[in-house]
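Down below is the structure, laid out as structure tokens.
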Amino acid sequence: MSAYFLRATGQRSIRAIALPAGMDPSTLGRQLTGKSALSVETVVALCRTHHLDMADAFVAAGFITEEEAQRLGAHVSLTAFSDLDLAREIVRRIEEGEATEALTGDLPTGESDHAPVVELRPSVGEVGKDRDMLAAASESDNTRPDDRSDEEFLQ
């Protein structure tokens with residue numbers, strides 16, 4: 001554990017890690033070498049003082065697994081992104097072949113536990129009508145009331 005904090009903080013000694021956190025270097029040394037129990041409070045104090053990622057430190061200390069840290073980080077980090085950022089990430093995954101079956105697979109149709117799914121493909125008899133509607137829509141004036149670019153408009 002001491003190797004993790006030395007590497008993560010860039011410090012060369014336990015003393016250099018402990019003092020800025022207001023901790024006794026001997027006590028911290030015992031905790032980081034396993035001679036006494038490492039507390040959650042100690043890890044939190046070190047992370048706050050040295051601006052370290054708490055999830056990484058908790059994994060290194062054995063408090064949580066790597067998988068648990070990833071799930072924790074995923075929820076927090078997703079809320080920080082805009083809808084446009086999320087859409088771009090979905091497109092990137094599809095283009096690079098990283099998308100899962102849940103994203104690229106067929107949608108369920110008919111009766112199910114999910115919300116109703118409307119088939120987007122027209123039936124054979126409706127193809128001509130859809131083309132007429134598409135042509136009419138493409139001929140309409142779709143200009144914006146201002147001079148914003150697509151990027152500005154979407155933000």
Side-chain angles (χ1 to χ4, degrees), residues 1-123 130 134 137 142-155:
M1 190 68 219
S2 61
Y4 167 79
F5 279 105
L6 290 170
R7 184 177 61 255
T9 61
Q11 299 297 328
R12 294 186 178 186
S13 69
I14 299 295
R15 181 179 179 79
I17 296 171
L19 292 178
M23 302 176 77
D24 177 63
S26 298
T27 302
L28 181 60
R30 285 191 298 276
Q31 287 185 15
L32 294 180
T33 58
K35 293 180 182 173
S36 64
L38 179 63
S39 70
V40 169
E41 292 82 7
T42 297
V43 174
V44 169
L46 292 174
C47 288
R48 286 180 177 160
T49 300
H50 296 284
H51 308 288
L52 302 175
D53 183 84
M54 285 192 198
D56 290 344
F58 277 36
V59 170
F63 294 140
I64 62 174
T65 66
E66 182 68 37
E67 182 180 303
E68 291 166 330
Q70 288 173 354
R71 284 196 313 257
L72 174 67
H75 175 71
V76 172
S77 64
L78 284 178
T79 60
F81 290 99
S82 70
D83 292 343
L84 183 58
D85 291 331
L86 294 172
R88 285 182 176 145
E89 175 61 15
I90 290 171
V91 169
R92 184 198 65 78
R93 289 182 186 188
I94 291 170
E95 289 176 346
E96 294 181 12
E98 297 176 8
T100 64
E101 177 70 20
L103 181 60
T104 61
D106 291 336
L107 293 174
T109 58
E111 299 290 324
S112 72
D113 294 336
H114 304 289
V117 176
V118 177
E119 188 69 37
L120 295 178
R121 294 181 197 111
S123 64
D130 288 345
L134 181 59
N142 288 327
T143 58
R144 293 196 187 104
D146 55 32
D147 293 332
R148 292 183 291 174
S149 68
D150 287 347
E151 192 71 22
E152 294 169 327
F153 182 76
L154 292 173
Q155 290 181 354

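As the structure is a computational prediction, the values presented were derived from the model and not from experiment.
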A57: which residues meet the side chain to side chain contact (heavy atoms under 4.5 Å, CB included) condition with it, sequence neighbours left out? Y4, F5, V43, C47
On a heavy-atom basis, which atom in Q31 and which in S39 lie closest, and how many Å separate them? OE1-N, 4.0 Å
Listed by chain and number, what are the side-chain hydrogen bond (donor to acceptor under 3.5 Å, both in side chains) partners of D85, not counting sequence neighbours? S82
Mind listing the closest non-hydrogen atom pair of P20 and A16 along with its distance? CD-O, 3.2 Å
Can you name the residues that form a side chain to side chain contact (heavy atoms under 4.5 Å, CB included) with E101, not counting sequence neighbours? T104
Those residues at least two apart in sequence (or on a different chain) that pass side-chain hydrogen bond (donor to acceptor under 3.5 Å, both in side chains) with R93 are E89
State which residues pass ring-ring contact (aromatic ring centres under 6.0 Å, His included) with F58; sequence neighbours excluded, sorted by chain then number. F63
Got a sec, which pairs hit side chain to side chain donor-acceptor pair (under 3.5 Å) with one end in residues 9-26, sequence neighbours left out? D24-T27
Sequence-distant partners of E41, side-chain hydrogen bond (donor to acceptor under 3.5 Å, both in side chains), two or more places apart: none
Using the test side chain to side chain contact (heavy atoms under 4.5 Å, CB included), find all partners of M23 that sit at least two apart in sequence or belong to another chain. A18, A21, L28, T42, L46
For E66, which residues count as a side chain to side chain contact (heavy atoms under 4.5 Å, CB included) partner, sequence neighbours excluded? V59, Q70
So side chain to side chain donor-acceptor pair (under 3.5 Å) across residues 52-65, not counting sequence neighbours, yields T65-E68
Those residues at least two apart in sequence (or on a different chain) that pass salt bridge (charged side-chain N to carboxylate O under 4.0 Å, His left out) with E98 are R92
For the student: nearest non-hydrogen atoms of I14 and S2, plus distance: CD1-CB, 3.8 Å
